[in-house]
2 protein chains.
Amino acid sequence: MLTIKEIAEMANVSRSTVSRALNNSGYVSEDAMERIKKVIAETGYAPSEHAKSLRTKRTKVIGVILPTIQTETSSKIVAGIDKELSTQGYQILLANTNLDKAKEIEYVDLLKARQVDGIILVATNTDPLLLKKIKGLTIPIVIIGQEMEGLVNVLYDDYHASRELTSFLIEKGHRKIAFIGVDEEDRAVGFLRKKGYKDEMIAHKLSIEPAWIQKGIFDIDSGRQAMDQIWTTSQNKPTAAFAVTDRLAIGALSFLKDHKISVPEQMAIASIGASEISQYVDPPLTTIDYQNEKAGKEAAHQLLTNIGTKAAIKKIILDYRLIIRDSV
Amino acid sequence: MLTIKEIAEMANVSRSTVSRALNNSGYVSEDAMERIKKVIAETGYAPSEHAKSLRTKRTKVIGVILPTIQTETSSKIVAGIDKELSTQGYQILLANTNLDKAKEIEYVDLLKARQVDGIILVATNTDPLLLKKIKGLTIPIVIIGQEMEGLVNVLYDDYHASRELTSFLIEKGHRKIAFIGVDEEDRAVGFLRKKGYKDEMIAHKLSIEPAWIQKGIFDIDSGRQAMDQIWTTSQNKPTAAFAVTDRLAIGALSFLKDHKISVPEQMAIASIGASEISQYVDPPLTTIDYQNEKAGKEAAHQLLTNIGTKAAIKKIILDYRLIIRDSV
DNA sequence: CTGTTAGCGCCTTCAC
DNA sequence: GTGAAGGCGCTAACAG
């Protein structure tokens, strides 16, 4: 590997001068600058970022911990993060947990060892152990998607979005509304969205049958199964269903289609996510857009402003908007 | 930051002993080992990967250059890469080009500077400049999706997949088949898939009207526009269309639906991609599954075997399979 | 404007 | 079994 020393020799200057030229810090004569540039161009020399980081303590790398990259939500968030970071010359080091909570903690350590300049955590839970580990960190961290006390959070407004969506269904005349959720350990998606639904139902004095509430994981098939459960076990069949993610809704749709249950006539469907595909399924889905890319961008922005300074505690709650389509 | 020196002092041993304990290289007495472990547990010390890399020349990081992360194809590839790499303790450093060819080259340099142990390039073109840059690399690199002479390639069988899909449409009785492609600079998706289509048509002595061949970019809307063009400008309307990606097909579907043109009766649609959603659109899409996750895994596997050894030149052509659904 | 020097934190001989 | 010493490639005073 080519080092600064060899470049210096070839250009007949000292290493410091090359370094100065490289970082354009301090004075370098035009003459020297030219010779150095020439040598670099000829050799294709690239200074070792590791040696640099070792000296400067900065890496220009941000660690991104996420539960999976196989969802549109995640990729949009990452795209948003990247968009913001790349303008400042930062890169992303991926840490994919595959929904394994232990790995979440492990990766915090690994990223610390790699001395990333900051971490963005796309969280699915608010485990105390994780929280504790994070609080011990000296580098800035931003949490997306779950509220963690005392940290910088970029949050979706799960509770209100959920209430609004439920309210919309009620407005449309529905009284019997089913709910397809996920595990409540995921406080944002599991707990808050369910609470929003329940509270809105209660506010309208509408009762909820136990069979109407089903739980899936984050995939299409479990949405299908949930709707199957709802449809086959409900004494009193609901006329609408609220799924906490588009995928769950799409699964539900697929069950209904196969059983010739018409949407929205016999069963209306609404969800949260606004995935690209939500408008191309049959019928197009009424859904809430969370603007995930913006979330990523915002998180990256917050992180960058916190690098080098003491992290301000901050809670950023993002906007959402209801997209009304034919499924309701 | 905590360093090995401080750990050594706290454990009453020398830095070398700590280092040995950390890497379990050489002999360390049980006694010393225990003290060191205790101190590390108490302090949460994590050795600096940069200092390590500077010495050992290995980073346990792989650079992944991709055109975008906002497609299912990309995220599946990355997921596959990650699955394989993480078993060996490697991590991914992302380099997103946003389809900017200049950045592709730039990122090769950047990753080199970061001294990644290897690079996986998800390629969209075979630009000579890029090729030249790559050939100058001393670290292993694996190319996914485009054939580049003299390198390790993981390829989809675009030409044959395309012929087979066209052949399938012909078998189903179609004689007038339209084609929605992309720019041919993308040799795999643009050129080869088109060639497969054309050759198969010719092999069956079927003629192609110019208006049947349209071009889009990689999004849904351009598929819609392409079908619009086909439908409105064809003198002799086709009875089927082959779109080179699922998204393009979904766009086409959406146009047809809005214009009450029934699928597959008036117009059959088939495509390549087998995206998760392809089975939930209306009607479900006949498509070819390329197994992108496997591509990523395979690429990562090849890369890992090439680290440390002289890279064998290799061409791995992946399997595909036709998924027949109601759109044809 | 330029060169000398001293580490950054770690691993790795080489003695002991 | 363990420690001392040197150096990976770079930057940042400091002296000229």
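Just so we're on the same page: letters track the sequence lines, and every chain starts at 1. Everything numeric here is computed off the predicted structure, so don't read it as measured data.
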Chemist: Would you please name every residue forming a side-chain contact (heavy atoms from CB on, under 4.5 Å) with A:Ile307, sequence neighbours left out?
Modeler: A:Ile62, A:Tyr90, A:Asp117, A:Pro140, A:Leu304
Chemist: Quick one about B:Ser14 and B:Thr17 (side-chain donor to acceptor, distance below 3.5 Å, no hydrogens or angles considered), yes or no?
Modeler: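 Yes, because at least one side-chain N or O of B:Thr17 sits under 3.5 Å from a partner of the opposite role on B:Ser14.
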Chemist: Should the pair B:Lys297-B:Glu293 be classified as a salt bridge under the 4.0 Å nitrogen-to-oxygen rule?
Modeler: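 Salt bridge between B:Lys297 and B:Glu293, a charged N being under 4.0 Å from a carboxylate O: no.
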Chemist: Does anyone know the first and last nucleotide of DNA chain D in reach of chain B, 5' to 3', at under 4.0 angstrom to a heavy atom?
Modeler: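 Contact boundaries, 5' end first: D:dG1 to D:dG9.
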Chemist: Is there a side-chain contact between B:Asp82 and B:Val64 (heavy atoms, below 4.5 Å)?
Modeler: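 A side-chain contact under 4.5 Å is absent here.
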Chemist: Under a 4.0 Å threshold between the charged nitrogen and the carboxylate oxygen, would A:Lys315 count as salt-bridged to A:Glu147?
Modeler: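 Between A:Lys315 and A:Glu147 there is a salt bridge, with a charged N closer than 4.0 Å to a carboxylate O.
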Chemist: Name the one of B:Asp186, B:Asp158, B:Thr124 that satisfies side-chain hydrogen bond (donor to acceptor under 3.5 Å, both in side chains) with B:Gln146?
Modeler: B:Asp186
Chemist: State, without any angle test, whether A:Tyr290 and A:Asp319 hold a side-chain donor-acceptor pair at a distance under 3.5 Å.
Modeler: no
Chemist: When you check every protein heavy atom under 4.0 Å of nucleotides 6-16 of chain C, what one-letter string (B, S, -) results, 5' to 3'?
Modeler: BBBBBBB----
